[in-house]
Structures are given as structure tokens and as C-alpha cells.
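I have placed the structure first, in the form of C-alpha cells, so that the comments after it can refer back to it.
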There are 2 protein chains.
Amino acid sequence: MTTTPESPPSTPSGADQRRNEIVASAARLFDEFGYGNTSMQQIAIAAQMAKPTLYHYFSAKDAILFQVHEEFIDILIRQFRGRALRSTGLRDRLVGAMTDILTLMDTHRGHVRVFFEHHRELPAEQQRLIRAKRDEYEAMLVGVLEDGRARGELILDQPRLTALGIFGMCNWAYQWYSRDGALAPAEIAERFGSVVLDGLSPRGD
Amino acid sequence: MTTTPESPPSTPSGADQRRNEIVASAARLFDEFGYGNTSMQQIAIAAQMAKPTLYHYFSAKDAILFQVHEEFIDILIRQFRGRALRSTGLRDRLVGAMTDILTLMDTHRGHVRVFFEHHRELPAEQQRLIRAKRDEYEAMLVGVLEDGRARGELILDQPRLTALGIFGMCNWAYQWYSRDGALAPAEIAERFGSVVLDGLSPRGD
DNA sequence: GAAAGAATCGACCGCCTGGTCGGTTGGTTG
DNA sequence: CAACCAACCGACCAGGCGGTCGATTCTTTC
């Protein structure tokens, strides 16, 4: 409190800042080459330091992997909760969550791929931790669907399966989404949302 | 013609049979550990041979990877075409394709994961080949949607985006589908199909 | 039974990886 | 100035990897 200068313009917190730089560099490389095909050497170079220095900030390669996972799921949970507090309607909450996910394909490409493809490579303990948060997030979306059903605004008999379908539409986008594409994340979410809510068949037969 | 014994009960074609055993073993390991974390040594043991013998059947590790990719996409294309010949209705063709994909999660788990997660690791030339087939398959589903629109049976203004959403729902299942689960692939496809076609909102307001 | 080729493998190689060690620098405290 | 500690790194290591080599066995063909 007395000694540390509280966030001067360039160095918000020193070491933490440096850790973030490492994770950001690593995520970028993971996105391009995959976790297994990215070496600590590459990460070190990308973060502009020597390899041993990396081990001053992270105890092992999988500690970086864990950090990426946690950042990703924490963002989603935080955003979902924020929207819930603002207590918007059902459609907003649903399409909002879809927008959150799709937006991360723009802002956190590496995080996304890592979270979806490399969670099995986390050490057992940390894998449990991440899985717990992921399940928590899943439960929140299932909750939205159940709410909608209880209010008669949605018709569905298997909330979890439906939620998995919705997640699928959005999460899968990491396989094809491009920043240069014609559609922005929010537009895609809107389209997908209307498919899920209104369906493709003409209304009124 | 004269010499080769045509498929006696145990050895359909000798060397080809052995190749298939290798690919099947490899796919099983890829499913469990991922491509990069599976060594040629492990594959050899699983296929009950020594490592150098593997190189009698495949020129390199990525040749096995390619074989897995090709088998997967060839199955899907063949099944889609088969259904098209039987010229069933729109819903059958759509839900049918979805069933095809979900069924592979049961019968070809390793192929699925490899196809979705490791296509970037194929040598450039083979990657192009697989991508071409994948695009072909995608185009076939887009075609179904466009047909439906032309006949007034579907309402949509972005066939490709919609197709990507549908693929997402199904493909993503490789992340959560379990053989021990309560629902069979065909049932899941039916549910997802009705979400996409009818939507979740009550009809007629 | 000789020749040929398919199928097999023990031993080996160069390379790269995650991670360690021991030591240096440089700013902050008393 | 002395002590301290965070930050940093050149050099090194054991281990595992994909892949090769040379030689051996088995099977088929004439």
C-alpha cells in the first residue's frame, strides 16, 4: 500500500502485467499452431524473454494452459451474470450469451481454441476446476431455457439437450469464423437466435 | 483374378485388411490421447507389430492421419448421396444427414475427433484434398436448404450460415456425446431437427 | 528347390522438448 | 554500503519422438 505506485500509465502492476503478456503471446501461438505444437522456446521469444525466465512466472507449460482456460470461462461467466443483473428479457439473455461466445472468437481466438481442444491436457486437479466452471456456465444457460418454459415462452422437453445444441451452433464457429467475414459476431448470434426461437419452417402452416 | 483367393472368411484381402487394423487402432488411440500425444510406438503395439513394420504399410505418421480423415468424410458423402438417390423429402434429408453425423460419434469416435481437431496437421497437399471434400459435403447441405427455400418449405436468407449452425449443433456433439447416454444418435438428430425446423417459441403466438 | 518379394523387427540416429542449474544484474530497503 | 530479492539468462540434461538401416523370416511362384 505504502510502497507500490498504484497503476502509473505504463506499468499497471509490474509482474502481473508481464504474466498477462506471456499468456497473451502464448494464446496467439496456441491459436496458430495448437498447444502441443507450440514450444516454451517459441512462447519465450514471442514474449521477448529467454526460456528460463518463463519459469520465473509460470511453474510449467500447463500452468499457462490453465491460465488461458480460466480467463476464457471467467469472462463468459462474468458477462452472463452481468446481463442477469440487468434482468433483461428471455430473448436478450439467450441471444446475449450467444453473442458473448461469438465475440470471443474475435477478441480471444487462442483462448477459444485452447478451451475447446486442449482441456484434456490439463493436470487432473485443474481439469476438474475448469470442468466445474464450464458446468456452471452450462447450468446457467439451461436455467434460462427452463425459465422460458415455466413462463410458457418456450416449448421444449429436454433443456440440457437443447442447450447443448445452442452451444454447438455458437462454439463450433471457432472452426469457421473469420474476422474478415461479412458478418459480425452479434449478427451471427441474432441469426442463430432466430433459427432456434422461430425455426425454419413457415409459420401457420 | 486367378491367384488371389477372393475373401475367404478370415482374410478378406490380406495387406489391405492389415492397413485397416492399423488405422482402426490408431483412431482409437487418437480419440483417447489426441494425435500429437500418440506415438508410432503406441500405434504399433496396439496393432500388434513392431514400429518399423508400421512403415511397411504407411510412409509416415501423417499418412495414417490422412487415411482417418478420408475414411470419415467419404462415409458422410456416400451416405448423403445414397439418401439423395432414394429422393426422400426435405425433412428426411436434413435430419438424415444430422443422424449420419451423430451416428459416427458412436461408430467412429476417433475419426470424428481427428477430423475436427487435427486437420491443420495434415501436409499441405492432403489438407487441400480433405478440405475440398469437406466443402463438397457442406455444399450438399446448403443445397438442401436452398431447395427447401425454393419450394417455399423453408424460410431463411443465409443458407450457408444456417448450414454452419446446423453442422455446429451436430458436430459439437463429439464434445459431450457418450455411448452410455440416455439418447441414441437418431433421437438426438430428431430433437435437433425439430428445434431447427419448428423453433422453441410457441406457434401462433 | 531356387528365386523373389512381402512382412517382420532389433538396434540405432538426430532432433527437439520441457525443465533445471548456477550465476548475474539492478532496483529497493535498512 | 550491505543485504535482499525479483528478474533474468547461457548452458545444459534426460527422455521421447519420428523415422531409417540392414538383416531375417515367411509365402508364393515357377
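Chain identifiers are assigned alphabetically (A, B, ...) following the order of the sequence lines, protein sequences preceding nucleic acid strands; residue numbering begins at 1 within each chain.
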To the nearest Å, how far apart are B:D62 CG and D:dG19 P? 6 Å
In whole Å, I'd like the distance from the CD1 atom of B:I45 to the P atom of C:dT8. 16 Å
If you compare every side-chain N and O of B:T53 against the phosphate oxygens of C:dC9 (OP1, OP2), does one of them come in below 4.0 Å? yes
Under 4.0 Å between a side-chain N/O of A:H56 and OP1 or OP2 of D:dC8, yes or no? no
Between D:dC8 (C1') and A:M40 (CE): distance, integer Å: 15 Å
Would you kindly give the CD-to-P distance between B:Q41 and C:dC9, to the nearest whole Å? 11 Å
Please give, in whole Å, the distance from C:dC9 P to B:L54 CG? 11 Å
Just do the side chain to side chain contact (heavy atoms under 4.5 Å, CB included) check on A:I77 and A:M140 with the steps written out, would you? CA-CA 9 Å; A:I77 290 177; A:M140 295 197 295; 4.2 Å; yes
Out of C:dG19, D:dC21, D:dC9, which has the shortest distance to the side chain of A:M49? D:dC9
Roughly how far apart are A:R113 CZ and A:E32 CD, rounded to 0.5 Å? 9.5 Å
C:dA7, C:dT17, D:dG10: which one has an atom nearest the side-chain heavy atoms of A:P52? D:dG10
Out of D:dG18, C:dC21, C:dC9, which has the shortest distance to the side chain of B:K61? D:dG18
Compare all side-chain heavy atoms of B:V114 with those of B:D31 and state whether any distance is below 4.5 angstrom. no
Between CD1 of A:I43 and C1' of D:dC9 the distance, given in whole Å, is 17 Å
Taking CZ from B:R19 and P from C:dA7, how many angstroms apart are they, rounded to a whole number? 11 Å
How are the rings of B:F80 and B:Y137 set relative to one another: parallel (under 30°), tilted (30 to 60°) or perpendicular (over 60°)? perpendicular
Any side-chain N or O of A:R18 under 4.0 Å from OP1/OP2 of D:dC8? yes
With respect to the phosphate group of C:dT8, does any side-chain polar atom (N or O) of B:Y57 fall under 4.0 Å of OP1 or OP2? yes
Between atom OH in A:Y35 and atom P in C:dT17, what is the gap in whole Å? 13 Å
Determine the contact category for A:S59: base if any of its heavy atoms lies under 4.0 Å from a base atom, sugar-phosphate if only primed atoms, P, OP1 or OP2 are that close, otherwise nothing. nothing
Mind checking whether A:W172 and B:F116 have parallel, tilted or perpendicular rings, split at 30° and 60°? perpendicular
Nearest listed nucleotide, side chain of B:Y55, among D:dG18, C:dG18, C:dC9: D:dG18
For the side chain of B:A60, counting heavy atoms from C-beta on, which of D:dC17, D:dG19, C:dA11 is nearest? D:dG19
Base of D:dG19, side chain of B:K51 - is there a donor-acceptor contact under 3.5 Å? yes
